[in-house]
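Residues take their numbers from the sequence shown, with the count starting at 1.
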Amino acid sequence: MSLMQGDSLTSHNFGLQIDGVMVEYLAEVSGLTIEQDVIVHQQNSAQGHLETNLLPGVQKNGQCTVVRGMTQSSSFTKWINESISGQMSTARKNASIIMMDYQDNPVKRYNLRNAWCSKIDASTLKAGEAAALTETVTIVFEELVIE
């Protein structure tokens with residue numbers, strides 16, 4: 001059973017697909033935004049009054065940041081390495097961040113077209129610390145489509 005009327009998704013159940021294959025369950029996703037230009041069109045009405053219309057412009061590209069455990073998916077690591085080394089013919093992938101309900105059924109998708117990794121940041125290593133190691137990865141994309 002999926003969500004009931006009035007239920008909302010929870011923020012803890014999501015994953016990452018690359019080219020249609022689930023490769024990673026992430027610790028965190030942030031900065032996932034979509035933006036487009038706004039065109040301001042002004043003209044005079046038949047009565048001589050100024051009319052202003054706002055029209056949709058070009059959709060902008062974007063980026064998001066994901067955090068993953070350091071010992072996770074080798075296919076995600078390969079994608080990062082292809083991106084960082086400039087192998088753009090194989091690095092540009094279609095990726096999706098998928099939100100799931102409490103029974104792990106996909107409910108909402110954020111599809112990132114021609115996505116690749118532009119930055120990786122490893123967590124701090126500290127002697128004597130008992131903490132999970134993570135990698136923070138910035139993913140850039142040319143288009144975001146929400147399903």
Participant: For Glu142, check salt bridge (Lys or Arg N to Asp or Glu O under 4.0 Å) against everything at least two apart and list the hits.
Facilitator: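 Arg92, Arg113.
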
Participant: Counting distance only, does the side-chain N/O of Ser45 pair as donor-acceptor with the main-chain N or O of Gln47 below 3.5 Å?
Facilitator: yes

Participant: Name all pairs fulfilling the salt bridge (charged side-chain N to carboxylate O under 4.0 Å, His left out) condition that reach into residues 128-141, sequence neighbours left out, sorted by first residue then second.
Facilitator: Arg68-Glu135

Participant: Among the clusters formed by ILVMFWY side chains lying less than 4.5 Å apart, do Val145 and Val29 turn up in the same one?
Facilitator: no

Participant: Taking a hydrophobic cluster as the set of Ile, Leu, Val, Met, Phe, Trp and Tyr residues connected by side-chain heavy atoms closer than 4.5 Å, whether directly or through intermediates, do Leu112 and Val58 fall within one such cluster?
Facilitator: no

Participant: Quick one: closest heavy-atom pair of Met22 and Leu16, and the distance?
Facilitator: SD-O, 3.3 Å

Participant: What pairs with Glu35 under side chain to side chain donor-acceptor pair (under 3.5 Å), at least two apart in sequence or on another chain?
Facilitator: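 Counting only residues at least two positions away or on another chain, Glu35 forms a side chain to side chain donor-acceptor pair (under 3.5 Å) with Lys60.
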
Participant: Nearest 0.5 Å, what's the CG-NZ distance between Asn114 and Lys93?
Facilitator: 11.0 Å

Participant: Just verifying a value: how many Å separate Ile98 CD1 and Asn105 CG, rounded to the nearest 0.5 Å?
Facilitator: 12.0 Å

Participant: Measuring from atom CD1 of Ile146 to atom CZ of Arg109, what distance do you get when rounded to the nearest 0.5 angstrom?
Facilitator: 13.5 Å

Participant: side-chain contact (heavy atoms from CB on, under 4.5 Å) with Leu125: which residues, sequence neighbours excluded?
Facilitator: Leu133

Participant: Start with the C-alpha distance between Thr134 and Glu28, add both sets of side-chain angles, then the distance that settles side-chain contact (heavy atoms from CB on, under 4.5 Å), and finish with yes or no.
Facilitator: CA-CA 10 Å; Thr134 61; Glu28 183 179 330; over 6 Å; no

Participant: Compare every heavy atom of Ser83 with every heavy atom of Met88, then report the nearest pair and how far apart it is.
Facilitator: SD-O, 4.3 Å

Participant: Locate the shortest heavy-atom distance separating Thr138 from Thr65; write the atom from each residue and the value.
Facilitator: OG1-OG1, 4.0 Å

Participant: Could you work out, with side chain to side chain donor-acceptor pair (under 3.5 Å) as the rule, every residue matching Asp104, not counting sequence neighbours?
Facilitator: Asn13

Participant: Just grab all the side chain to side chain donor-acceptor pair (under 3.5 Å) pairs involving residues 115-128, residues at least two apart or on different chains.
Facilitator: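 For residues 115-128, and leaving out neighbouring residues, there are no side chain to side chain donor-acceptor pair (under 3.5 Å) pairs at all.
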
Participant: Might you point out which heavy atoms bring His41 and Leu55 nearest each other, and give the distance in Å?
Facilitator: CB-CD1, 4.0 Å

Participant: Which ILVMFWY residues can you reach from Leu54 by hopping between side chains whose heavy atoms are under 4.5 Å apart?
Facilitator: Val38, Val40

Participant: Could you state the interatomic distance from CD1 (Ile97) to CG (Leu32), rounded to the nearest 0.5 Å?
Facilitator: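 Taking CD1 in Ile97 and CG in Leu32, the distance rounds to 5.0 Å.
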
Participant: Applying the 4.5 Å side-chain criterion to the ILVMFWY set and letting contacts propagate, would Phe141 and Met99 be lumped into a single cluster?
Facilitator: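 Result: yes, single cluster for both.
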
Participant: Could you pull out all residues at least two apart from Thr33 that satisfy side-chain contact (heavy atoms from CB on, under 4.5 Å)?
Facilitator: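 Not a single residue meets the side-chain contact (heavy atoms from CB on, under 4.5 Å) criterion with Thr33.
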
Participant: According to side-chain contact (heavy atoms from CB on, under 4.5 Å), who are the partners of Gln59, at least two apart in sequence or on a separate chain?
Facilitator: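 By the side-chain contact (heavy atoms from CB on, under 4.5 Å) rule, Gln59 matches Ile34, Gln36, Glu143, Leu144.
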
Participant: Applying side-chain contact (heavy atoms from CB on, under 4.5 Å), name anything that partners Asn61, two or more places apart in sequence or on another chain.
Facilitator: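 Once residues adjacent in sequence are excluded, Asn61 has no partner under the side-chain contact (heavy atoms from CB on, under 4.5 Å) criterion.
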
Participant: Hydrophobic clusters here meaning ILVMFWY residues chained together by side-chain heavy-atom distances under 4.5 Å, can you tell me if Ile120 and Val66 are in one?
Facilitator: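 They do share one cluster, since a chain of ILVMFWY contacts under 4.5 Å joins Ile120 to Val66.
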
Participant: Minimum heavy-atom separation for Gly57 to Ile39, with atom names?
Facilitator: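 Minimum heavy-atom separation between Gly57 and Ile39: CA-CD1, 3.8 Å.
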
Participant: For the side chain of Asn94 and the backbone of Asp19, is there at least one donor-acceptor N/O pair under 3.5 Å apart?
Facilitator: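 Not confirmed, Asn94 side chain does not pair with Asp19 backbone.
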
Participant: Phe76: what forms a ring-ring contact (aromatic ring centres under 6.0 Å, His included) with it, not counting sequence neighbours?
Facilitator: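 Testing Phe76 for ring-ring contact (aromatic ring centres under 6.0 Å, His included), a comparison that skips the adjacent residues, returns Trp79.
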
Participant: Among all residues two or more places apart in sequence or in another chain, which pass the side chain to side chain donor-acceptor pair (under 3.5 Å) test with Ser75?
Facilitator: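 Result, side chain to side chain donor-acceptor pair (under 3.5 Å) vs Ser75: Ser73.
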
